[in-house]
Student: 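Once you've had a glance at the structure underneath, I'll fire off some questions.
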Amino acid sequence: MDISIINGPNLNMLGKREPAIYGGKTLEEINKEIRKKAESLNIFVEFYQSNSEGAIVSKIQSSADKQGLIINAAAYTHTSIAIRDALLSISIPFIEVHLTNIYKRDNFRRKSYLSDIALGTIAGFGDFVYELALEAMVNYLKK
Ligand code: DQA
């Protein structure tokens with residue numbers, strides 16, 4: 001099993017970026033923990049982060065050969081029809097994740113262009129959302 005994990009804009013700033021909201025761990029530290037979890041589940045994970053919408057679109061397109069995808073599209077969640085269309089263009093399941101509960105923050109964060117086409121959405125549990133998503137994806141794919 002091969003799962004792609006894609007992170008969008010400003011998530012490379014985790015650790016420094018509004019730590020009271022997003023936590024104190026860097027993306028590298030989080031990815032290390034995800035890799036450990038993946039190893040315990042006997043699956044392979046590939047990590048990708050970009051601040052650029054077009055690069056994320058291209059990465060989604062080139063992930064068509066994976067079994068599943070986990071994406072934190074960050075601010076593009078709320079704006080990007082291009083990322084939505086890219087996810088629709090490949091026929092693999094994806095899970096939308098957010099570190100924060102986007103439904104209890106600013107009003108503009110309540111709109112997601114991804115939720116209605118995702119397998120599911122996991123939000124609000126800090127960096128643990130990635131592990132939860134990984135477990136949910138593996139459980140789904142094994143069925
Ligand atoms: C986020 C929530 C988004 O609204 C925000 O723009 C982000 C991070 C999260 O993980 O909580 O950059 O996706």
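Quantities reported herein were computed from a predicted structural model and do not represent experimental measurements. One-based numbering along the sequence shown. These values consider heavy atoms only, across backbone and side chains, with no hydrogens, waters or symmetry-generated copies. As the structure lists them, so they are numbered: ligands from 1, and atoms in each ligand from 1.
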Student: Between Ser52 (side chain) and Ala55 (backbone), is there a donor-acceptor pair under 3.5 Å?
Tutor: yes

Student: Can a cation-pi geometry be assigned to Lys143 and Tyr140, taking NZ or CZ under 6.0 Å from the six-membered ring centre and within 45° of the ring axis?
Tutor: no

Student: Between Val129 and Gly124, which heavy-atom pair has the shortest distance, and what is it?
Tutor: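 Taking Val129 first and Gly124 second, the nearest heavy atoms are CG1-N, 4.1 Å.
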
Student: Please step through side chain to side chain donor-acceptor pair (under 3.5 Å) for the pair Tyr130 and Asn7, ending with a clear verdict.
Tutor: CA-CA 11 Å; Tyr130 294 97; Asn7 281 296; 2.6 Å; yes

Student: Classify the ring geometry of His78 against His98: parallel below 30°, tilted from 30° to 60°, perpendicular beyond 60°.
Tutor: parallel

Student: Just by distance, with hydrogens left out, do Glu96 and Ser115 show a side-chain donor and acceptor under 3.5 Å apart?
Tutor: yes

Student: For ligand 1, list every N/O pair with the protein closer than 3.5 Å, one pair per line with the distance.
Tutor:
| unit_1 | atom_1 | unit_2 | atom_2 | d |
| --- | --- | --- | --- | --- |
| ligand 1 | 4 (O) | His78 | NE2 | 2.7 |
| ligand 1 | 4 (O) | Arg109 | NH1 | 2.9 |
| ligand 1 | 6 (O) | Ala75 | N | 3.2 |
| ligand 1 | 6 (O) | Arg109 | NH1 | 3.1 |
| ligand 1 | 10 (O) | Asn72 | ND2 | 2.9 |
| ligand 1 | 10 (O) | Leu99 | N | 2.8 |
| ligand 1 | 11 (O) | Leu99 | N | 3.3 |
| ligand 1 | 11 (O) | Thr100 | N | 2.9 |
| ligand 1 | 11 (O) | Thr100 | OG1 | 2.6 |
| ligand 1 | 12 (O) | Arg17 | NH1 | 3.1 |
| ligand 1 | 12 (O) | Arg17 | NH2 | 2.9 |
| ligand 1 | 13 (O) | Asn72 | OD1 | 2.8 |
| ligand 1 | 13 (O) | His98 | ND1 | 2.8 |

